[in-house]
There are 2 protein chains.
Amino acid sequence: MEQSRVLAALSALANETRLELVRALIGRGPAGMSAGDIAGTLGISASRLSFHLQQLEMAGLVTGRRESRHVFYAVDTAQVGRVIGYLLNDCCRSHPEVSACCAPGASSRAKAP
Amino acid sequence: MEQSRVLAALSALANETRLELVRALIGRGPAGMSAGDIAGTLGISASRLSFHLQQLEMAGLVTGRRESRHVFYAVDTAQVGRVIGYLLNDCCRSHPEVSACCAPGASSRAKAP
DNA sequence: TCAACTACTCATGAACTGTTGAAATGTTCA
DNA sequence: TGAACATTTCAACAGTTCATGAGTAGTTGA
């Protein structure tokens, strides 16, 4: 994966509204969620949601598909995996202390040094 | 790890200069690299480097230590691991297709669907 | 103490990001 | 066809980010 794609994805994720959006969507799997439902769940305006969905879509992190009058959005999990894989393997060169986050049971709550 | 810390780290990483900086520093291990060496390696001005190092330091991704007239910067690998761990485990809830990036031999070059 | 060196701070301006509300577009159904 | 609904687009605005260059501060050795 090219670095420019990774940078676009990181920029997209580096925003509270969009990170919440990904969290909300990833739980729904490939079926996703309609724009209206997302706006209701997150409590944001339609135009604000549309703006952030566009950012995520341009970064390749979510995809939308129209079904009659609704548009359903879902996370492209493979793409998210590729971005994390870049950080892990290409950027951090599989540094053991970084890769520890992958270990079974590991989480972001891992104790500080 | 709190989401606000993760957002700060993602914002810090979502910049070409800073991602290059982390890549350059992580190869040097805990010894790190002096500010002057980094500026020379990346070919950027001192003030520009200082600005970006400050962003990374505020995000907790790098640490600096003074040694006589030099300041050596190193990546806090545990913190980087915690950020990736958050994306993997908390945000994506260990979704198998995302976690595939951790598999041995996996890389960001994983084939697209 | 002074010059040389190393790193940091600050002010400026250009470019980018995110929010808002109104208007436009597209879809369904009576 | 026209009303109702779902979503996107647009312009205006405020706020943030980043590059640049000039100036400042700390450290060393003659």
Side-chain angles (χ1 to χ4, degrees), chain A residues 3-25 28 31-75 83, chain B residues 3-25 28 31-75 83:
Chain A
Q3 181 170 286
S4 63
R5 295 286 291 164
V6 176
L7 284 170
L10 289 174
S11 289
L13 291 173
N15 172 280
E16 187 171 8
T17 303
R18 293 193 292 263
L19 197 59
E20 296 286 9
L21 230 165
V22 169
R23 288 177 66 127
L25 284 182
R28 302 305 188 97
M33 219 172 160
S34 74
D37 272 2
I38 303 172
T41 301
L42 300 191
I44 63 179
S45 72
S47 70
R48 189 176 157 197
L49 174 67
S50 188
F51 169 76
H52 289 296
L53 280 171
Q54 196 174 49
Q55 304 290 305
L56 287 169
E57 212 168 10
M58 284 193 308
L61 296 173
V62 311
T63 54
R65 61 172 206 287
R66 176 144 226 143
E67 262 179 42
S68 82
R69 62 167 78 167
H70 298 272
V71 178
F72 288 84
Y73 287 92
V75 174
V83 172
Chain B
Q3 181 169 288
S4 63
R5 296 284 290 163
V6 175
L7 285 169
L10 289 173
S11 290
L13 291 174
N15 173 277
E16 187 172 8
T17 303
R18 293 193 292 263
L19 197 58
E20 295 288 8
L21 229 165
V22 169
R23 287 176 69 124
L25 284 182
R28 302 306 189 95
M33 221 171 160
S34 74
D37 273 2
I38 303 172
T41 302
L42 299 191
I44 62 178
S45 71
S47 70
R48 189 175 157 196
L49 174 68
S50 185
F51 169 76
H52 289 296
L53 279 172
Q54 195 173 52
Q55 305 289 302
L56 287 168
E57 213 169 8
M58 283 194 310
L61 296 173
V62 311
T63 53
R65 62 170 205 289
R66 177 146 226 141
E67 262 179 42
S68 82
R69 60 167 79 170
H70 298 273
V71 179
F72 288 84
Y73 288 91
V75 174
V83 172

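In what follows, chains carry the letters A, B, and so on, assigned in the order in which the sequence lines appear, proteins first and then strands, with residues in each chain numbered from 1.
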Counting side-chain heavy atoms from C-beta on, which of [options] comes nearest to [X]?
X     : options               : value
A:R48 : C:dC8, D:dT8, C:dT19  : C:dT19
B:S47 : C:dG26, D:dT9, C:dT9  : C:dT9
B:S50 : C:dT9, D:dT27, D:dT9  : C:dT9
B:A35 : D:dC18, C:dA7, C:dT19 : C:dA7

Euclidean distance, atom [atom1] of residue [X] to atom [atom2] of [N] [Å, nearest integer]:
X     : N      : atom1 : atom2 : value
B:M58 : C:dT9  : CE    : P     : 11 Å
A:H70 : D:dC5  : NE2   : C1'   : 8 Å
A:E16 : D:dT16 : CD    : P     : 15 Å
A:L53 : D:dT7  : CG    : C1'   : 10 Å
B:F72 : D:dT27 : CZ    : C1'   : 14 Å
A:D37 : D:dC5  : CG    : P     : 16 Å
B:H52 : D:dT20 : NE2   : C1'   : 12 Å
A:I44 : C:dT19 : CD1   : P     : 8 Å

Separation between [atom1] of [X] and [atom2] of [Y], rounded to the nearest 0.5 Å:
X     : Y     : atom1 : atom2 : answer
B:R18 : B:L61 : CZ    : CG    : 10.0 Å
A:T17 : A:L53 : OG1   : CG    : 11.0 Å
B:L19 : A:L7  : CG    : CG    : 5.5 Å

Report yes if a side-chain nitrogen or oxygen of [X] is closer than 4.0 Å to either non-bridging phosphate oxygen (OP1 or OP2) of [N]; otherwise report no.
X     : N      : answer
A:N15 : C:dG18 : yes
B:R18 : D:dC18 : yes
A:Y73 : D:dT8  : yes
A:Q54 : D:dT7  : no
A:R69 : C:dT28 : no

Does this structure show an ion pair linking B:R65 with B:E67, if we count only N-O contacts that are shorter than 4.0 Å?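 B:E67 and B:R65: salt-bridged.
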Please tell me which of A:R66 and B:E67 maps to the more 5' nucleotide of DNA chain D, matching each residue to the nucleotide holding its nearest heavy atom. A:R66
Specify the residue among A:S68 and A:Q55 whose closest nucleotide of DNA chain C lies further upstream toward the 5′ end.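 The residue mapped nearer the 5' terminus is A:Q55.
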Please report the closest heavy-atom contact between A:V83 and A:A9, naming both atoms and the distance.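 Nearest pair, atom of A:V83 first, then A:A9: CG2-CB, 3.5 Å.
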